[in-house]
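For ligands, and for the atoms within them, numbers begin at 1 and follow the listed sequence.
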Amino acid sequence: MRSSFIKRLEKLKNKAGELLNRTFDQHINLAVTGLSRSGKTAFITSLVNQLINEGNGSKLSFFDPVHHGNFIAAKRVAQKNLSIPRFDYDNAMASLTGESPQWPEPTHGISELRLAIRYQPKNSLLKYAADMATLTLDITDYPGEWLLDLPMLKQTYEQWSEQTQALLTTKPRDEYAKAFLAKVGNIDPFAVADEELLAELAREYTELLHTFRYKLGLSVIQPGRFILPAELAGAPILEFFPFPNLTTIDGNDYQNASDDSFIGMLRARFLEYKEQVVKKFYRQHFLRFDRQIVLADCLTPLNACSINSGPESFADLQLAIDMILESYSYGKSGLFSRLFSPRIDKLLFAATKADHVTSEQHAPMVSLLNQLIYKSKHSLNFEAVEMKTLAIAAVKSTNSGKSFHEGQQVSVIQGYTVKNAVENKENTVEKITLFPGSVPDKLPEKEFWQQCAFNFVNFSPMSGMTKHQSLPHIRMDQVLQFLLADKMI
Ligand SMILES: Nc1nc2c(ncn2[C@@H]2O[C@H](COP(=O)(O)OP(=O)(O)O)[C@@H](O)[C@H]2O)c(=O)[nH]1
Ligand SMILES: [Mg+2]
């Protein structure tokens with residue numbers, strides 16, 4: 001009699017659990033972005049790794065569900081959106097944990113991964129109904145460069161050309177862009193377009209963008225898709241470029257330029273790009289995000305003084321962050337309004353690669369990033385978005401310690417760098433110990449760039465990491481706490 005009563009109670013409880021699980025919001029669409037090489041792939045790999053290997057040596061004491069013991073387990077499950085490439089977790093882990101550990105191959109587009117996280121509800125209503133609940137976490141990785149295209153939506157081709165020309169004729173871009181601008185300047189805008197020439201100049205413009213990004217360390221790259229085209233590589237929709245001195249052309253002539261003229265064709269492709277590429281991304285993906293993490297590598301631009309473009313590349317990063325954040329401001333501008341703005345409730349900024357500096361430099365890293373986002377944070381209308389800034393290392397690749405230098409004790413870091421990577425295909429690594437310099441806690445001034453005192457090297461991942469153990473990290477638990485913990489109570 002009693003046992004059948006308990007059985008019925010259990011059954012009821014399960015039923016109620018199912019129901020509640022369906023009605024409760026147990027789903028998060030987490031978007032991860034940042035400019036190329038800001039550390040997105042490493043970040044997602046580590047986040048997934050920390051969750052699925054929880055218990056195997058993980059250090060997640062600031063993540064309440066683990067700390068309070070209600071985290072049960074997480075596993076990868078099939079993603080819902082079949083048309084988006086899967087985030088290649090296995091390959092990334094294989095690179096990191098191989099015999100000579102390597103950073104994962106860079107990715108060039110959007111990818112997705114879904115985790116099912118089991119936990120024991122303790123405080124929410126769910127605890128009356130179920131011993132176990134599931135939080136589904138959809139993680140989307142997409143290039144921050146794609147968000148740099150948003151401001152183009154408000155511009156005409158003329159305006160965009162004018163603005164881009166201004167950029168291309170100032171330091172440090174001018175030197176590199178001269179030849180390209182001269183070539184375009186030689187074209188009669190009203191002549192019938194030569195498609196070959198258009199394609200060639202578009203290629204040249206794209207190469208310029210690559211130089212700006214990867215040689216000069218600049219961040220404002222427009223159109224952002226040009227350097228990370230994903231499935232659009234080689235498509236004619238990416239074959240356009242800014243046309244200099246358009247404002248000197250008669251307005252009527254410009255308006256009436258025929259569709260097959262150079263200018264007509266460039267204008268048409270620009271418009272098509274905005275419709276089919278920029279808007280499409282916002283509609284298809286951006287709208288469904290609930291939470292966003294923006295990764296920023298503030299250390300690389302500090303290193304840029306050695307190539308003489310420190311101040312510019314830093315100012316450029318600031319501008320790029322402004323442009324990226326514009327995507328999250330609600331309501332203010334009629335054009336973007338609700339059509340493109342996702343209803344995100346949490347926005348996390350992470351200064352990545354914190355393992356490149358000693359731990360007392362983490363606070364300055366955070367205030368530096370806060371300064372970079374300060375302007376946008378105040379000028380944009382973020383409604384009820386909760387924000388936080390952290391200094392993190394997704395995959396910690398150094399150890400810190402103390403050393404003596406000229407009789408003084410100094411904090412140093414120790415890690416491995418690849419020695420003679422080019423000549424020596426064997427990839428021998430070399431152990432180095434260094435004091436990388438102090439991170440300025442506000443936007444660096446002239447003296448900082450003159451001293452050129454900041455020096456950090458690219459470390460290789462540490463050896464000895466294994467697939468079934470959690471990766472060493474800095475503050476990934478605080479990341480999880482901010483992004484997930486409130487949904488697991
Ligand atoms: N030391 C260290 N280096 C990192 C970390 N995360 C990323 N990196 C470095 O940054 C590079 C780019 O990272 P990746 O995740 O591929 O950037 P993505 O282009 O944004 O996906 C890597 O190849 C590493 O050299 C980290 O946590 N620690
Ligand atoms: Mg990547």
Side-chain angles (χ1 to χ4, degrees), residues 31-50 84-89 91-96 98 100-113 139-148 210 213-214 217 219 221 224 227-230 292-301 303 317 320 324 349-359 361-362 365 390-400 413-418 421 427 429 432 434 436 439 455-463 465 470-479:
V32 179
T33 200
L35 297 175
S36 58
R37 303 196 187 160
S38 57
K40 299 179 292 294
T41 303
F43 173 83
I44 296 175
T45 306
S46 175
L47 187 142
V48 172
N49 169 277
Q50 306 299 338
I84 301 178
R86 180 181 301 126
F87 178 85
D88 200 349
Y89 175 76
N91 247 326
M93 279 307 289
S95 305
L96 288 170
S100 55
Q102 314 261 328
W103 292 102
E105 285 288 313
T107 43
H108 302 285
I110 190 164
S111 64
E112 236 184 51
L113 184 145
I139 305 170
T140 309
D141 173 4
Y142 70 94
E145 279 80 359
W146 294 2
L147 301 182
L148 295 176
H210 275 274
R213 178 75 190 124
Y214 299 114
S219 306
I221 300 297
I227 63 166
L228 290 157
Q292 173 74 58
I293 171 160
V294 178
L295 305 178
D297 173 0
C298 310
L299 299 176
T300 303
N303 245 9
L317 176 65
I324 285 175
F349 297 97
T352 54
K353 311 180 195 180
D355 58 333
H356 276 291
V357 293
T358 50
S359 58
Q361 302 295 322
H362 293 170
M365 263 177 97
L390 284 172
I392 66 163
V395 184
K396 182 169 167 278
S397 307
T398 63
N399 287 311
S400 51
I413 51 169
Q414 192 166 67
Y416 294 87
T417 54
V418 178
N427 261 345
V429 287
I432 58 162
L434 82 161
V439 178
N455 166 40
F456 81 77
V457 294
N458 268 332
F459 291 103
S460 299
M462 287 198 258
S463 53
M465 301 189 289
S470 35
L471 298 168
H473 67 87
I474 299 173
R475 295 191 193 88
M476 285 300 285
D477 50 347
Q478 295 192 37
V479 168

Pull out every atom of ligand 1 sitting under 4.0 Å from any heavy atom of A42, numbered as shown with elements. 6 (N), 7 (C), 15 (O)

Looking at ligand 1, would G34 count as a contact under a 4.0 Å heavy-atom criterion? no

for atom 10 (O) of ligand 1, nearest protein heavy atom and its distance come out as K353 NZ, 3.0 Å

State, with a plain yes or no, whether a side-chain heavy atom of I44 is found less than 4.5 Å away from one of Y89. no

For the 3.5 Å polar cut-off, considering only N or O atoms, please tell me whether P104 and ligand 1 meet it. no

Give the residue and atom name of whichever protein heavy atom lies nearest to atom 17 (O) of ligand 1, and the separation in Å to one decimal. G39 N, 3.1 Å

Are I474 and ligand 1 in contact, using a heavy-atom cut-off of under 4.0 Å? no

By number and element, which atoms of ligand 1 are closer than 4.0 Å to a non-hydrogen atom of L35? 20 (O)

Starting from atom 19 (O) of ligand 1, which protein heavy atom do you reach first, and at what distance in Å? R37 N, 2.7 Å

List the closest protein heavy-atom neighbour of atom 26 (C) of ligand 1: residue, atom name, distance to the nearest 0.1 Å. V395 O, 3.5 Å

Any nitrogen or oxygen of A393, side chain or backbone, less than 3.5 Å from one on ligand 1? no

What do you reckon, does K40 have a nitrogen or oxygen under 3.5 Å from a nitrogen or oxygen of ligand 1? yes

Check contact between D355 and ligand 1, using heavy atoms of the residue and a distance below 4.0 angstrom. yes

Quick check for you: to the nearest 0.5 Å, what is the distance between L390 atom CG and T352 atom OG1? 12.0 Å

Atom 24 (C) of ligand 1: which protein heavy atom is closest, and how many Å away? W103 CD2, 3.3 Å

One finds that the ligand 1 atoms under 4.0 Å from a non-hydrogen atom of S36 are 19 (O)

For ligand 1, note which part of H356 has a heavy atom under 4.0 Å away: side chain, backbone, both or neither. side chain

With a 4.5 Å limit on heavy-atom distance, are the side chains of V395 and H473 in contact? no

